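Heads up, the thing below is written out as structure tokens.
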Amino acid sequence: MDLNFTPEELAFRAEIRAWVAENLPKDISHKVHNALRLSKDDLQRWAKILGKKGWHGWAWPKEFGGPGWNVIQRHLFEEECALAGAPRVVPFGPVMVAPVIMAFGSPEQQKRHLPGIMSGEVWWSQGYSEPGSGSDLASVKTRAERRGDYYIVNGQKAWTTLGQYGDWIFCLVRTSNEGKPQTGISFLLIDMKSPGITVRPVITLDGEHEVNEVFFDDVEVPVDNLVGEENKGWTYAKYLLAHERTNIADVNRAKRELERLKRIAKAENVYDDRRFRDEIAKLEVDIVALEMMVLRVISAEKSGKQSLDVAGLLKIRGSEIQQRYSELMMQAAGPYSLPFIHEAMEAGWQGDHVGAAHCAPLASTYFNMRKTTIYGGSNEVQRNIVSQVVLG
Ligand SMILES: Cc1cc2nc3c(=O)[nH]c(=O)nc-3n(C[C@H](O)[C@H](O)[C@H](O)COP(=O)(O)OP(=O)(O)OC[C@H]3O[C@@H](n4cnc5c(N)ncnc54)[C@H](O)[C@@H]3O)c2cc1C
């Protein structure tokens with residue numbers, strides 16, 4: 001296993017770094033470096049800049065309009081974007097549904113949906129979870145009944161991230177109750193402007209509107225929007241989840257946030273406290289270890305071995321690290337991290353009597369990060385999967 005980059009790979013990294021430095025809007029990177037609220041416009045502006053260059057689908061093969069990069073190039077691209085302060089690309093379109101459409105969609109579906117995903121124009125949401133169907137995803141109850149050229153969809157999805165912006169949603173729906181629960185699921189692409197769809201906000205611990213409930217009441221969906229075969233949706237769903245869990249590890253963001261933690265610790269005069277330094281060192285070691293694990297996966301893939309079996313491990317360690325740095329930031333700022341000020345998430349807010357501007361968003365980040373060990377498949381469930389893979 002060779003974890004060193006070749007001169008060509010280093011030149012590629014330099015090229016990406018220069019392009020990102022020139023094209024990433026400064027107001028957006030300022031928000032990212034300081035964990036401030038990103039609007040829909042911020043996220044979509046960056047998506048469209050990437051899309052114009054043909055990089056919003058940076059992992060896509062050339063035949064579908066992607067750059068056709070190998071696994072190392074993809075890794076370097078993600079790292080350079082994260083370190084420069086680019087927003088995390090909203091994954092539902094380019095990272096999740098696009099690979100499913102490429103692998104299992106019809107040529108018409110590919111032609112219709114992939115260009116809008118690549119350009120960043122069309123916003124996708126993920127409609128997997130339901131009340132009572134999260135970890136036990138195969139129990140989804142949202143029903144799709146075939147009537148002529150349409151499916152009539154009825155039911156409810158839960159926790160739909162940024163679904164308030166969604167143009168389209170990909171959904172797991174029940175098309176049969178025969179046999180095992182997994183064998184009666186289908187994968188449908190649904191236009192969120194269809195009559196009968198209601199999106200209701202769920203306000204989370206951090207006071208933000210990030211997730212939603214989505215209700216379907218007699219929603220007509222053309223049968224052409226079925227991906228692959230009816231009742232084979234579970235196969236496509238699992239294919240997509242492997243992509244989701246690897247993405248969630250987000251080691252590059254952890255590296256950037258480690259630097260932010262150090263900045264806060266220095267500003268709050270705890271960087272020289274030995275016990276605190278010890279905590280930062282432990283976190284740094286864990287981040288380096290996670291990065292090594294990611295590089296090992298990449299190295300294996302480069303040499304032709306598929307090793308997505310570790311997706312669960314990456315998800316567990318990555319999410320724990322995300323929670324840990326948000327905790328240490330809170331500790332560094334001490335009482336100054338406690339005020340919960342909604343306006344403090346806006347760029348330009350300078351703080352008032354309650355403390356320095358960099359402390360104010362910390363509580364919000366801390367609360368938001370509680371999600372990481374739950375979403376994308378809870379860590380307890382991931383541990384079950386990892387133990388099955390390792391122990392058989
Ligand atoms: C912020 C956020 C955003 C999300 N975004 C989306 C989205 O965009 N689209 C989408 O489809 N879903 C989304 N989800 C849903 C997410 O995937 C589920 O919350 C997750 O799969 C857990 O399901 P659940 O919430 O129903 O909890 P449950 O499955 O009810 O689990 C409750 C608890 O029991 C534990 N548990 C359950 N089964 C087992 C087991 N077999 N062994 C051990 N422990 C177990 C779990 O670990 C958890 O602690 C999001 C969730 C959050 C919190």
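All residue numbers refer to positions in the sequence shown, counting from 1. Both ligands and their constituent atoms are indexed starting at 1 by order of listing. Please read these numbers as outputs of a predicted model, since none were measured by experiment.
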Q. When only distance counts, is Glu210 in polar contact with ligand 1, meaning an N/O pair under 3.5 Å?
A. no

Q: Specify side chain, backbone, both or neither for Gln126, according to which of its non-hydrogen atoms lie closer than 4.0 Å to ligand 1.
A: both

Q: Report yes if the side chains of Trp124 and Met96 come closer than 4.5 Å at any heavy-atom pair, otherwise no.
A: no

Q.
Below 4.0 Å, non-hydrogen atoms only: which portion of Val211 touches ligand 1? Side chain, backbone, both or neither.
A. side chain

Q. Could an N or O of ligand 1 be found under 3.5 Å from any N or O of Glu130, whether backbone or side chain?
A. no

Q.
Using a 4.0 Å cut-off to any heavy atom of Asn384, which atoms of ligand 1 qualify?
A. 40 (C), 41 (N), 42 (N), 43 (C)

Q) Can you list the atoms of ligand 1 that are under 4.0 Å from a heavy atom of Tyr128? A) 11 (O)

Q. Has Arg370 got its NZ or CZ under 6.0 Å from the middle of the six-membered ring of Tyr366, at an angle within 45 degrees of the ring axis?
A. yes

**Q.** Check: Trp58 and Cys81 side chains under 4.5 Å, non-hydrogen atoms
**A.** no

Q) Any nitrogen or oxygen of Ser378, main chain or side chain, under 3.5 Å from a nitrogen or oxygen of ligand 1? A) yes

Q. Gly376 heavy atoms, cut-off 4.0 Å: which ligand 1 atoms fall inside?
A. 17 (O)

Q: Among Gln323, Arg317, Gln322, find the residue that satisfies the side chain to side chain donor-acceptor pair (under 3.5 Å) test when tested with Glu320.
A: Arg317

Q: Ignoring angles and geometry beyond distance, decide whether Ser135 reaches within less than 3.5 Å of ligand 1 through its nitrogen or oxygen atoms.
A: yes

Q) Under 6.0 Å from the NZ atom of Lys48, do we count more than 12 heavy atoms belonging to anything else shown? A) yes

Q: Return yes or no for this condition: an N or O of Trp159 is under 3.5 Å from an N or O of ligand 1.
A: yes

Q: For Lys371, take its heavy atoms, then give the atoms of ligand 1 lying under 4.0 Å from any of them.
A: 1 (C)

Q: Give yes or no for whether the N/O distance cutoff of 3.5 Å, strictly under, is met between Glu380 and ligand 1.
A: yes

Q: With the side chain counted from C-beta on, respond yes when Trp234 and Lys180 share a heavy-atom pair under 4.5 Å apart, and no when they do not.
A: no

Q. Does an N or O from Ser129, backbone or side chain, lie closer than 3.5 Å to an N or O of ligand 1?
A. yes

**Q.** For ligand 1, the portion of Thr204 having any non-hydrogen atom under 4.0 Å away
**A.** neither

Q.
A quick test of your reading: do over 12 heavy atoms of other residues, nucleotides or ligands sit less than 6.0 Å from NZ of Lys193?
A. yes

Q) So do Leu189 and Trp168 actually touch side chain to side chain, heavy atoms under 4.5 Å? A) yes

Q: If the plane angle is over 60° it's perpendicular, under 30° parallel, otherwise tilted; pick one for Trp46 and Trp19.
A: tilted

